[in-house]
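No experiment lies behind these values; they were computed from the predicted model shown.
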Amino acid sequence: MPVRIRIYGKEAEFSQGCWSCDDDSLLALLEALADPRARTEAEEREHATYAAGRLGGLVATSYGWEAAPMPKPEITLEDVMPSASKPGGKGGGLLGLLRRRR
C-alpha cells in the first residue's frame, strides 16, 4: 500500500521502493533519499516517515495528516571532535591547535 506524504504543500507517494510526485524538484529530493530495499508495508511507512521528517513534512495516517518526527542525526559533534571529559580526549577541540607550545 503506498504511503503518502506532504512536503512544501506538495504530495508524494512512496511505493515499492520508488517515489512518485508531480513536482520535479521535490521528486529529485525524495529520489536522493529513496530506499529501494523497502518492500513491506511497514518498511515503506518507516522510510516515508524518515524522508518526510528530514524535509519537515507530514505523513498521511488514518486520522489525517500528522507531522513527521525529525530523525536522529547520523553524525554528531562528538563523532568529529572528542570532548575533554572522555578518557583520552585532550580537550580544547580545534582551538587546541592555536595554543602556544612550550
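Going from atom CD of Glu31 over to atom CG of Asp24 covers 9.5 Å, rounded to the nearest 0.5 Å. The distance from atom CG of Asp35 to atom CZ of Phe14, rounded to the nearest 0.5 Å, is 6.0 Å. Atoms OG1 and CZ, from Thr40 and Arg45 in turn, are 11.5 Å apart once rounded to the nearest 0.5 Å. Rounding to the nearest 0.5 Å gives a distance of 10.0 Å between SG of Cys18 and CG of Leu27.
For the pair Arg39 (side chain) and Gln16 (backbone), a donor-acceptor distance under 3.5 Å is present. The main-chain N or O of Gly17 is never found under 3.5 Å from a side-chain atom of His47 such that the two would form a donor-acceptor pair.
Shown here for Pro71 and Gly53, the closest heavy-atom pair between the two residues is CD-C, 3.7 Å. The nearest pair of heavy atoms linking Leu26 to Tyr8 is CD1-CD1, 4.4 Å.
For the side-chain contact (heavy atoms from CB on, under 4.5 Å) test, residues two or more places apart in sequence or in another chain that qualify with Ser20 are Glu13. For the side-chain contact (heavy atoms from CB on, under 4.5 Å) test, residues two or more places apart in sequence or in another chain that qualify with Thr76 are Pro73, Glu78, Asp79.
Inter-residue side-chain proximity for Leu58 and Ile5 is flagged as unmet; no heavy-atom pair is nearer than 4.5 Å. Side-chain contact between Asp22 and Lys10: absent, with no pair of heavy atoms (C-beta onward) separated by less than 4.5 Å. Glu46 places none of its side-chain heavy atoms less than 4.5 Å from the side chain of Tyr50. Two residues are said to be in side-chain contact when any heavy atoms from C-beta on lie closer than 4.5 Å; Val3 and Ser15 fail this criterion. No side-chain heavy atom of Leu29 sits under 4.5 Å from any side-chain heavy atom of Ile7.
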Worked check of salt bridge (Lys or Arg N to Asp or Glu O under 4.0 Å) between Arg37 and Glu44: CA-CA 9 Å; Arg37 299 170 296 172; Glu44 287 180 356; over 6 Å; no

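Cluster membership check: Val59 does not share its hydrophobic cluster with Met70, using side-chain heavy-atom separations under 4.5 Å among Ile, Leu, Val, Met, Phe, Trp and Tyr.
With a 6.0 Å radius and a threshold of 12 heavy atoms from other residues, nucleotides or ligands, Glu43 has its CD atom above the threshold.
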